[in-house]
S.K.: 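Once you've had a glance at the structure underneath, I'll fire off some questions.
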Amino acid sequence: MDDLIIINATIATPVGKEAKYGKEMKDIKIINKGAIIIKNGNIVDVGKTDYILDKYNTRSSNIIDAKSKCVIPGFVDSHTHFIFGGYREKEFMSRINGISYMEIMKNHGGIENTVSKTRESSFTELYKLGYQRLNNMLSFGITTVEGKSGYGLDFDTEIKQLKVMKELNENHPIDIVETYLGAHSIPKEYEGKDADYINYIIKYVIPYIAKYKLAEFCDVFCEKDVISINLSEKLLINARKNSLKLKIHADEITSSGGAELAGSLNAVSADHLLNASDDGIRSLSKNKVIATLLPLTAFCLNKPYANARKMIDEGCAVALASDFNPGSCFTNSIPLIIAISCIYMNMSVEEVLTALTLNGAAAVDREKLVGSIEKGKQGDLVILKYPNYNFLPYCTGINIVDTVIKKGAVVYKNK
Ligand code: NIG
Ligand code: FE
């Protein structure tokens with residue numbers, strides 16, 4: 001919780017404490033020769049450097065001169081599965097050789113593979129791996145991340161994953177938002193008894209998680225041959241009764257009505273949406289569900305990208321996130337997300353900036369706290385090596401983060 005002043009920067013940020021929908025996504029405020037003053041971890045004022053230096057007594061503050069550098073809000077990665085044991089590089093090679101993600105899953109690879117490894121991993125092992133992965137996120141400028149359970153499926157391992165994230169949240173500068181994803185797959189103990197597994201979760205796991213506040217969100221992999229639309233609906237309705245907020249892995253592999261379900265339940269976000277129907281997209285827009293797109297997964301699975309242009313033109317609030325996980329997407333490269341969305345998904349760089357900051361924050365219900373550079377928000381910032389944000393896609397696939405600031409403290413410096 002330090003006091004800090006950044007001066008002479010080109011500040012570029014969406015503005016507001018709500019998600020940006022449709023056309024609003026391209027509205028980025030730019031302040032040339034700008035300054036930001038942070039006290040006790042929060043932004044106190046933003047304006048021209050002369051104005052800030054005149055108005056405030058800055059003698060006892062740390063000052064960073066960001067001349068020829070652009071300052072943007074810290075990125076919010078609103079969809080990850082970053083706590084897991086083991087790796088799946090063999091499956092990656094099988095996919096390159098033409099075997100599909102779902103074929104691997106049906107042959108007891110995929111999520112089941114990581115479930116075995118995560119069950120075998122101790123709390124300490126998962127904690128250490130999680131800490132290293134968070135350090136890597138920080139180097140990309142991520143200052144808030146969502147993390148899901150879903151690689152235990154049994155009670156003890158799901159709780160272990162959530163508790164690892166809780167402890168990491170205490171000890172690492174990145175803020176972590178925990179999501180319970182017990183309905184990531186049907187565990188082998190319940191093979192062929194999908195409804196029994198979902199009933200078990202509803203009866204025993206969700207009430208426990210709610211009672212001990214181990215997660216803020218509940219998510220489900222709603223997909224043909226994974227969790228049916230009816231069971232997804234039943235689960236999410238119960239999760240909401242237990243005060244959990246809702247997310248859905250929707251229409252990733254097939255068009256299965258996931259976006260429509262997210263709309264009808266007023267979920268906070270619907271994620272993936274590679275195969276969302278036109279009705280589904282309209283439902284997300286009408287019900288103000290954040291459409292969270294995960295282009296790195298489509299890239300790794302060699303699938304067509306989600307139709308971001310259509311979603312924005314229909315008035316949706318689009319967020320972009322990594323989906324970092326050991327199977328479909330073992331990367332969280334923010335530079336690659338930016339490159340793909342600008343070059344292949346027809347998003348403008350301004351829309352991409354909003355999608356990775358304020359709309360990402362809205363996807364984890366943090367839009368009042370982070371996601372933009374303005375008075376009252378947390379002092380979470382990224383200083384880029386270059387003078388404007390066009391360099392983000394222009395330096396294709398390259399990390400151009402210079403410094404990361406979390407709650408007013410420098411937490412990462414690219415030497
Ligand atoms: O979002 N699709 C479901 N869950 C993850 C992949 C999980 C895995 O394969 O381990 C995803 O892509
Ligand atoms: Fe995912």
Side-chain angles (χ1 to χ4, degrees), residues 77-95 99-119 121 126 129 133 145-153 157-158 161 177-187 215 217-228 232 235 246-256 258-259 262 267-276 290-303 305-306 319-332 337 360 363-364:
D77 189 350
S78 63
H79 181 138
T80 83
H81 311 244
F82 79 97
I83 301 296
F84 55 84
Y87 299 100
R88 300 201 335 240
E89 77 288 355
K90 286 199 186 109
E91 292 180 11
F92 182 85
M93 299 321 290
S94 302
R95 284 210 311 274
I99 304 176
S100 74
Y101 178 83
M102 286 309 281
E103 276 174 274
I104 292 169
M105 189 169 182
K106 282 178 194 160
N107 285 323
H108 301 283
I111 292 170
E112 196 175 317
N113 188 343
T114 302
V115 166
S116 311
K117 303 275 173 30
T118 308
R119 286 181 181 180
S121 304
L126 292 176
L129 285 167
R133 289 168 190 157
V145 70
E146 181 259 17
K148 303 174 195 295
S149 68
Y151 288 127
L153 309 181
T157 316
E158 288 291 310
Q161 280 191 279
V177 179
E178 297 93 2
T179 294
Y180 171 59
L181 178 56
H184 200 187
S185 174
I186 301 297
F217 283 86
C218 181
D219 194 349
V220 52
F221 186 7
C222 174
E223 182 62 55
K224 182 170 174 288
D225 300 329
V226 187
I227 310 289
S228 72
S232 298
L235 169 75
L246 309 185
K247 288 182 168 290
I248 307 184
H249 278 67
D251 304 315
E252 177 183 357
I253 315 283
T254 58
S255 185
S256 15
V268 175
S269 75
D271 302 38
H272 284 288
L273 302 169
L274 302 188
N275 298 288
I290 308 289
T292 300
L293 309 186
L294 311 165
L296 296 178
T297 310
F299 178 79
C300 291
L301 295 179
N302 195 7
K303 298 283 180 208
Y305 298 109
L320 287 161
S322 73
D323 195 23
F324 177 63
N325 75 72
S328 61
C329 184
F330 190 45
T331 169
N332 61 345
I337 295 177
V364 288

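One-based numbering along the sequence shown. Atoms within a ligand are numbered from 1 in the order they appear, just like the ligands themselves. Hydrogens, waters and symmetry mates are skipped; everything else that's a heavy atom, side chains included, is used.
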S.K.: Short of 2.8 Å from the Fe ion (ligand 2), name each protein N/O/S atom, waters not counted.
M.R.: His79 NE2, His81 NE2, His249 NE2, Asp323 OD1
S.K.: What residue and heavy atom of the protein are closest to atom 4 (N) of ligand 1, and at what distance?
M.R.: His184 NE2, 2.8 Å
S.K.: Under 4.0 Å from a heavy atom of Phe221: which atoms of ligand 1 are those, numbered in the order shown and with their elements?
M.R.: 2 (N), 3 (C)
S.K.: Of the backbone atoms (N, CA, C, O) and the side-chain heavy atoms from C-beta on, which set of Met105 has a member under 4.0 Å from an atom of ligand 1: side chain, backbone, both, or neither?
M.R.: neither
S.K.: Give the atom numbers and elements of ligand 1 that come within less than 4.0 Å of a heavy atom of Ile111.
M.R.: 7 (C), 8 (C), 9 (O), 10 (O)
S.K.: Please name the pair of heavy atoms, one in Ala306 and one in Leu293, separated by the smallest distance, quoted to 0.1 Å.
M.R.: CB-CD2, 3.7 Å
S.K.: Just to confirm my output: which protein heavy-atom neighbour is closest to atom 11 (C) of ligand 1, and how far is it?
M.R.: Asp323 OD2, 3.1 Å
S.K.: Among all protein non-hydrogen atoms, which one is nearest to atom 6 (C) of ligand 1, and what is the separation to 0.1 Å?
M.R.: Tyr101 OH, 3.3 Å
S.K.: To check you understand the geometry: which heavy-atom pair defines the closest contact between Ser78 and Ala319, and what is its length?
M.R.: OG-CB, 4.5 Å
S.K.: With heavy atoms of Ser328 as the reference, note each atom of ligand 1 found under 4.0 Å away.
M.R.: 6 (C), 9 (O), 11 (C), 12 (O)
S.K.: Side chain, backbone, both or neither: which part of His249 comes within less than 4.0 Å of ligand 1 when only heavy atoms are counted?
M.R.: side chain
S.K.: Should you measure from each heavy atom of Arg88, which atoms of ligand 1 turn up under 4.0 Å away?
M.R.: 8 (C), 9 (O), 10 (O)
S.K.: For the atom pair CG (Leu294) and CZ (Phe299), what is the distance rounded to the nearest 0.5 Å?
M.R.: 15.0 Å
S.K.: Distance check, rounded to the nearest 0.5 Å: Asn325 atom CG versus Asn332 atom CG?
M.R.: 10.5 Å
S.K.: I'd like to know if the side chain of His249 pairs up with that of His184 as donor and acceptor (distance under 3.5 Å, no hydrogens or angles considered).
M.R.: no
S.K.: Could you report the tightest heavy-atom contact between Arg88 and Tyr101, atom names first, then the distance?
M.R.: NH2-CE1, 4.2 Å
S.K.: What about the rings of Tyr180 and Phe217, do their centers lie closer together than 6.0 Å?
M.R.: no
S.K.: Go through the steps for Thr297 and Glu252 under the test side chain to side chain contact (heavy atoms under 4.5 Å, CB included), then give the verdict.
M.R.: CA-CA 10 Å; Thr297 310; Glu252 177 183 357; 3.8 Å; yes
S.K.: Say whether Asn325 and ligand 1 are in contact under the criterion: heavy-atom distance to a ligand atom below 4.0 Å.
M.R.: yes
S.K.: Could you go through the side chain to side chain contact (heavy atoms under 4.5 Å, CB included) check for Lys247 and His79 one step at a time?
M.R.: CA-CA 10 Å; Lys247 288 182 168 290; His79 181 138; over 6 Å; no
S.K.: Quick one: do Phe84 and Arg133 satisfy side chain to side chain contact (heavy atoms under 4.5 Å, CB included)? Show the steps, please.
M.R.: CA-CA 11 Å; Phe84 55 84; Arg133 289 168 190 157; 3.2 Å; yes
S.K.: Judged by modelled atom types alone, do His81 and Asp323 share a side-chain donor-acceptor pair under 3.5 Å?
M.R.: yes
S.K.: Select one of side chain, backbone, both or neither to describe which atoms of Tyr151 lie under 4.0 Å from any atom of ligand 1, heavy atoms only.
M.R.: side chain
S.K.: Applying side chain to side chain contact (heavy atoms under 4.5 Å, CB included) to Ser149 and Thr179, what does each step give before you reach the verdict?
M.R.: CA-CA 6 Å; Ser149 68; Thr179 294; over 6 Å; no
S.K.: Can you list the ligand 1 atoms lying under 4.0 Å from a non-hydrogen atom of His79?
M.R.: 1 (O)
S.K.: For atom 2 (N) of ligand 1, which protein heavy atom lies nearest, and how many Å away is it?
M.R.: Glu252 OE1, 2.6 Å
S.K.: Between Phe330 and Phe92, does the ring centre distance come in under 6.0 Å?
M.R.: no
S.K.: Say whether Thr297, considering both its backbone and side-chain N or O atoms, lies within less than 3.5 Å of an N or O atom on ligand 1.
M.R.: no
